Structure formats: C-alpha cells, structure tokens
Amino acid sequence: VATIVMTGGTSGFGKISSDRLAATPGTRLLLGGRSQGGGSAQVLPLDLARLASVRMFADAVLKRLDGAAIDALILNAGLALDTNTQRTEDGFETTFAVNHLGQYLLLRLLLPRLAHGARVVLTSSGTHDPAQGTILPVPKHASAQRLARPETDNEADSDPKVGGGRAYTSSKLCNVLTAQALRAEPEAAAKHLRVVAYDPGPTPGTGLSRHRSLGIRAVWKILGSPVGRLIPKFSSREAAGKALADLALGTIVPPPDQVYAKLRRGTIVWGPPSELARDADLADALWRESAPLVGLVRSAP
Ligand SMILES: NC(=O)c1ccc[n+]([C@@H]2O[C@H](COP(=O)([O-])OP(=O)(O)OC[C@H]3O[C@@H](n4cnc5c(N)ncnc54)[C@H](OP(=O)(O)O)[C@@H]3O)[C@@H](O)[C@H]2O)c1
C-alpha cells in the first residue's frame with residue numbers, strides 16, 4: 001500500500017485530487033485540514049496557521065504510519081487574504097505563515113519518514129513569476145524574517161491591500177524555493193526524492209477568494225462556472241486536481257532536472273520558474289532562515 005500525506009485536500013481542486021487519490025486502489029491517504037470537507041478520506045486536524053497544530057498533525061501521521069514510510073507528500077494548502085495585517089498566534093504574517101512556514105515545518109518533520117524515491121509536490125502559483133504578467137504585485141524578495149514580520153521590512157508596502165497581494169505571490173515564490181532547497185538537501189538527495197513545484201494555472205471557482213471582497217468573490221464564482229471554460233488560459237478544477245493527483249502518484253514523471261510543472265490548457269508543461277525562484281542561494285537562505293522561525297533550531301544570538 002502506498003501512503004500519501006496531503007494538505008489542502010478539503011476544498012477547491014485539492015478536493016478533486018484527494019477524492020481521486022482515496023479512490024485509487026493500493027493507496028492510503030492521510031489528509032490534514034480544519035474541516036472534514038465532505039470527501040471520502042478521513043481528515044486529521046491541521047491548522048497550518050498554528051505551529052503547535054502542525055506538530056500535532058505530524059505526530060498523528062507518524063502514529064498512523066505505524067513504521068511504514070510516506071510515498072508521497074502533497075503540500076497544496078494555501079490562502080489569499082485581502083491585506084497583510086493579520087498575524088497568527090505565533091506572531092507571523094498569516095499568508096506567509098500558512099502558505100510557507102506551516103508547510104515548511106511539516107515537510108521538515110516528515111522528511112525522515114519519506115520513502116526512498118518518494119514524491120513531494122508543493123503547490124505554487126504562476127503569480128510568483130513577473131514574466132507571467134498577472135494582476136497581483138510581484139515578489140520583491142524571499143527573506144523569511146521580513147516576510148514573517150512585514151513591520152521589520154523596509155521594502156514593505158505602505159498600502160495593506162498591495163501588501164496582501166504581495167504576501168501571497170511572495171509565499172508562492174517561497175514554495176518554489178522550498179522545492180529547490182529540498183532537492184539540494186543531502187537527506188533528500190540520498191533518498192532520490194522526486195520534488196515538484198506545481199502551478200495549476202488560474203483556476204477560478206475554488207475557495208481561494210473566500211477572504212476577498214464581495215466583488216472579487218462574485219467574479220471568481222462566475223469565472224469558475226461554464227462561462228470561464230470559454231477562456232482558454234483558465235484551468236478547470238477537474239484538470240488542476242487530476243494533474244496534482246497524477247504528479248503525486250507518479251503517473252506524470254518529471255523530466256531529468258525539471259522541478260517546475262505548469263498546467264496549461266489541461267496539459268503539464270515543464271520549464272523554468274521565475275528568475276528569483278532559480279536562485280540557489282536564495283533557496284538555501286530561505287530554508288535556513290525558516291528553521292528558527294518554526295522552532296527547529298535556535299535563532300542566532
Ligand atoms: N485557484 C487558483 O487559481 C490557484 C492558482 C495558483 C495556485 N493556487 C494554489 O492552489 C492551492 C489550492 O487552492 P484552491 O484555489 O483550491 O483554494 P481553496 O479552495 O481555498 O483550497 C485551499 C485549501 O487549503 C486549505 N487551508 C487553507 N488554510 C489552511 C490552514 N490554516 N490550515 C490547514 N489548511 C488550510 C483549505 O482547507 P480548509 O478546508 O481547512 O479551509 C483548502 O483545503 C493553494 O495553495 C493556492 O495558492 C490556486
């Protein structure tokens with residue numbers, strides 16, 4: 001039996017993936033989430049906004065593994081807020097905390113239990129890449145300290161709404177950098193992990209707009225209806241969910257040295273992520289600077 005651990009499988013296209021994975025013979029799915037989500041898989045409690053909850057979820061997963069290894073880890077959870085003013089109980093900007101720090105901690109806690117050749121898929125977004133020309137403000141940097149505490153960032157946006165958009169795209173840059181850093185980790189290399197950062201393409205109709213204004217929520221819903229299907233640059237929830245499941249099951253195999261998978265017109269296309277996302281030093285710095293923030297090592301004096 002192949003064991004798959006997943007975040008973000010209770011809503012949006014992730015729910016389509018988790019239903020698919022749960023129905024795949026020979027797989028056991030361990031889902032983490034804040035709600036049961038109404039799908040077929042059992043959901044273990046996980047709130048990525050709370051580091052204590054991430055640790056409890058990791059413990060619950062390890063207990064259920066009962067000595068077995070994890071064959072695939074899917075880090076798909078994510079949220080988009082209207083501003084960058086919210087803080088978690090750990091004191092971090094909430095978008096960065098949920099989209100990067102919580103999942104980084106989970107990855108680090110589960111890494112020793114990943115099987116040889118295990119697959120790790122982190123859901124990023126094309127919005128991290130200025131070359132994609134999306135409407136959101138593009139990332140300026142990937143400094144964990146400054147993204148966690150924007151009040152200490154001298155490059156921070158004065159408009160909280162612009163800051164909210166940039167917090168999202170920066171966190172999605174961090175997802176790609178985390179994939180790059182993981183590939184460079186000696187433990188991951190020794191295990192021949194297959195690591196992918198996944199951009200589903202714009203996929204309207206999911207719950208991602210739930211914290212946004214009424215107007216944005218309405219447009220998101222309309223674009224997610226059959227009307228949106230007429231716009232070729234949009235991915236359907238079905239296609240985005242199927243591709244994520246296929247990446248985790250290994251039905252879609254990354255070509256050698258490719259880490260970034262984009263879904264375009266229903267097909268996975270491999271290619272480079274943004275310039276910042278290709279910076280190995282930046283990836284290494286993010287990996288190292290995130291550790292003290294999540295309590296894995298003591299911060300430097
Ligand atoms: N839709 C798009 O256009 C698009 C494009 C590019 C990338 N993405 C990325 O795709 C992923 C899935 O997004 P979606 O569009 O399907 O949105 P969605 O319907 O809102 O799904 C988000 C998932 O993340 C989970 N989540 C959010 N906050 C959490 C928390 N604090 N703790 C635990 N789980 C949490 C949600 O679980 P709950 O049930 O607990 O809320 C849900 O399962 C995200 O990473 C998003 O950034 C989306």
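Remember, it's 1-based here, ligands and their atoms both numbered in the order they're listed. Computed from a predicted model, the values in this text were never measured in an experiment.
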Which one of Leu263, Thr203, Thr127 has a non-hydrogen atom at the shortest distance from atom 2 (C) of ligand 1?
-> Thr203
Proximal candidate to atom 28 (N) of ligand 1 [heavy atom criterion; set Gln103, Arg34, Arg50] = Arg34
Looking only at heavy atoms of [X], does any of them come nearer than 4.0 Å to an atom of ligand 1?
X: Lys172; value: yes
X: Ser53; value: no
X: Ser171; value: no
X: Trp220; value: yes

Considering only non-hydrogen protein atoms, determine which one is nearest to [atom] and report residue, atom name and distance to 0.1 Å.
atom: atom 33 (C) of ligand 1; answer: Leu46 O, 3.4 Å
atom: atom 21 (O) of ligand 1; answer: Ser11 OG, 3.7 Å
atom: atom 23 (C) of ligand 1; answer: Gly8 CA, 3.7 Å
atom: atom 43 (O) of ligand 1; answer: Thr10 OG1, 2.8 Å
atom: atom 8 (N) of ligand 1; answer: Tyr168 OH, 3.7 Å
atom: atom 15 (O) of ligand 1; answer: Thr206 OG1, 2.6 Å
atom: atom 32 (N) of ligand 1; answer: Leu48 N, 2.8 Å
atom: atom 25 (C) of ligand 1; answer: Ala77 CB, 3.7 Å

Give the atoms of ligand 1, by number and element, whose distance to some non-hydrogen atom of [X] is under 4.0 Å.
X: Pro202; result: 3 (O)
X: Gly207; result: 18 (P), 19 (O), 20 (O)
X: Gly9; result: 43 (O)
X: Ala49; result: 31 (N)
X: Gly78; result: 22 (C), 24 (O), 27 (C), 44 (C), 45 (O)
X: Gly201; result: 3 (O), 5 (C)
X: Asp47; result: 30 (C), 31 (N), 32 (N)
X: Thr123; result: 9 (C), 10 (O), 11 (C)

Donor-acceptor pair, distance only, cut-off 3.5 Å: does the side chain of [X] make one with the backbone of [Y]?
X: Thr169; Y: Pro137; answer: yes
X: Lys191; Y: Leu114; answer: yes
X: Glu185; Y: Ala188; answer: no
X: Arg119; Y: Ala248; answer: yes
X: Ser17; Y: Gly241; answer: yes

Is it true that [X] and [Y] have a side-chain N and a carboxylate O under 4.0 angstrom from each other?
X: Asp246; Y: Lys242; answer: yes
X: Asp90; Y: Arg50; answer: no
X: Glu155; Y: Arg146; answer: yes
X: Arg288; Y: Asp284; answer: yes

Heavy atoms only, cut-off 4.0 Å: how does [X] contact ligand 1, side chain, backbone, both, or neither?
X: Arg237; result: neither
X: Lys15; result: neither
X: Ser124; result: backbone
X: Asn76; result: both

Geometry only, no angles: is [X] polar-contacting ligand 1 at N/O separations under 3.5 Å?
X: Leu79; answer: no
X: Asp199; answer: no
X: Leu208; answer: yes
X: Gly12; answer: yes

If you draw a 6.0 Å radius around CD in Glu151, do more than 12 non-hydrogen atoms from other residues or ligands fall strictly inside?
-> yes
Would you indicate whether His116, at its atom NE2, is surrounded by more than 12 heavy atoms from other residues, nucleotides or ligands within a distance under 6.0 Å?
->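 Yes, NE2 of His116 has more than 12 neighbouring heavy atoms, counting only those of other groups under 6.0 Å.
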Can you sort out the partners of Phe92 under ring pair (Phe, Tyr, Trp, His ring centres under 6.0 Å), two or more places apart, ordered by chain and number?
->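 Partners of Phe92 under the ring pair (Phe, Tyr, Trp, His ring centres under 6.0 Å) test: none.
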Sole residue of Arg20, Lys15, Arg229 in salt bridge (Lys or Arg N to Asp or Glu O under 4.0 Å) with Glu238 | Arg229
Nearest-0.5 Å distance, CG of residue Leu30 to CG of residue Leu110 | 9.5 Å
How long is the gap from CZ on Arg212 to CG on Leu79, to the nearest 0.5 Å?
-> 10.5 Å
Asp153: which of His141, Lys140, Gln145 passes side chain to side chain donor-acceptor pair (under 3.5 Å) = His141
Which residues, ordered by chain and number, are linked to Leu249 in its hydrophobic cluster, where ILVMFWY side chains connect at heavy-atom gaps below 4.5 Å, directly or through other members?
-> Ile4, Met6, Phe13, Leu21, Leu29, Leu31, Val43, Ile74, Val121, Val196, Tyr198, Leu244, Leu247, Ile252, Leu263, Ile268, Trp270
